[in-house]
S.K.: 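Got a structure here, written out as structure tokens. Questions coming.
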Amino acid sequence: MTSIAIVGAGPQLGLAIARTFGSKGFDVALVSRNRAKLEGLVEQLTADGITAAAFPADVLDRDALTQALKDAATQFGGIDVLEYSPVGGLQTVMTDPVVTEPADVQHEMEFQLYGAIAATRAVLPAMREAEAGTLLYTTGAGSIDPVPQIANVNAAAAALRNWVINLHKELEGTGVQAAHVAIDVSIGVPAFPGFPTAQPEQISPVYWDLHTTKRDQAELVFSL
């Protein structure tokens, strides 16, 4: 049986990705901070006929994140796909370039880049041994074309993008795919009036494509 672990699973994109892969026969491991919210997502997926389980962990707690992914691998017989897309929510403080302090970027680096590295280290050795697997990482499109109002977030997202593309290069020929997804739309509701907006169900198929037919691509930008 194949499985996907979604780190940062929530009711929008995370749930849509879970449904996309679950509809193809994948078991789904959901990882995020809030156990109650995860269990609600598990209930929705179970109602869809998808096997899913909750593994609560905060991406800022490296040991807990690693253990959650190891527990998921034990329960489902391995992790075939990792998708990393945590959202900071109310914890995220956004700063312009001029006023950005090192600490403003450091928190985002811990959340985006360092969390992704920890998650990868938890699942990649088994993928390398099996010579198969997929690693997918999500940021906003500001990782490519930064926006001054969220300079600190964009800086960390750009660092994650850089690392993922480098990872893709290193893993070429090993059977393991690594790719970055940059989302150039609001998800669900507009960030502000007139801003391009897509429903999560419109976005989630690109993750399946990167796992199946587009394994040679290191990056995909979703836009309308």
S.K.: Quick one, Ile6 with Val31, criterion side-chain contact (heavy atoms from CB on, under 4.5 Å). Give me CA distance, side-chain angles, the key distance, then yes/no.
M.R.: CA-CA 6 Å; Ile6 301 172; Val31 182; over 6 Å; no

S.K.: Less than 4.5 Å apart, any side-chain heavy atom of Thr46 and any of Ile50?
M.R.: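 Contact flag for Thr46/Ile50 side chains = no.
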
S.K.: Working note: Glu219 + Val164, criterion side-chain contact (heavy atoms from CB on, under 4.5 Å); need CA distance, chi angles, decisive distance, verdict.
M.R.: CA-CA 9 Å; Glu219 182 170 65; Val164 173; over 6 Å; no

S.K.: What is the distance from atom CG of Leu65 to atom OG of Ser32, rounded to the nearest 0.5 Å?
M.R.: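 Output value for this atom pair is 11.0 Å.
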
S.K.: Mind checking whether Met127 and Thr174 have side chains closer than 4.5 Å, heavy atoms only?
M.R.: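 No, side chains not in contact.
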
S.K.: Centre-to-centre under 6.0 Å for Tyr137 and His168, is that the case here?
M.R.: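 No, ring centres 6.0 Å or more apart.
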
S.K.: Using only atom types and a distance under 3.5 Å, with no angle test, would you say the side chain of Asp27 pairs donor to acceptor with the backbone of Phe76?
M.R.: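 No; zero donor-acceptor contacts below 3.5 Å.
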
S.K.: Strictly distance-based, threshold 3.5 Å: is any side-chain N or O of Asp61 a donor or acceptor partner for the main-chain N or O of Asp58?
M.R.: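 Between the backbone of Asp58 and the side chain of Asp61 there is no qualifying donor-acceptor contact (under 3.5 Å).
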
S.K.: What I'd like to find out is whether the side chain of Leu210 reaches to under 4.5 Å of the side chain of Gln217, using heavy atoms alone.
M.R.: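 Result yes, sub-4.5 Å side-chain heavy-atom pair found.
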
S.K.: Is the closest side-chain heavy-atom distance between His211 and Phe21 below 4.5 Å?
M.R.: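 Of all side-chain heavy-atom pairs linking Phe21 with His211, at least one is under 4.5 Å.
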
S.K.: Is there a side-chain contact between Leu13 and Ile183, using heavy atoms and a 4.5 Å cut-off?
M.R.: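 Counting from C-beta outward, Leu13 and Ile183 do come under 4.5 Å.
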
S.K.: Ring centroids only, cut at 6.0 angstrom: are Tyr114 and Trp163 within range, meaning strictly under it?
M.R.: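 Ring-ring flag for Tyr114/Trp163: false, centres at least 6.0 Å apart.
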
S.K.: Of the non-hydrogen atoms in Leu30 and Leu45, which two are nearest, and what is the gap between them?
M.R.: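 So the minimum-distance heavy-atom pair works out to CD1-CD1, 3.9 Å.
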
S.K.: So, Glu110 and Arg62, do they make that salt bridge, N to O below 4.0 Å?
M.R.: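 Result for this pair is yes, salt bridge flagged.
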
S.K.: Identify the two heavy atoms, one from Arg161 and one from Ser143, that lie closest to each other, and give their separation to 0.1 Å.
M.R.: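 Answer, listing the atom of Arg161 first, then Ser143: CD-O, 3.9 Å.
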
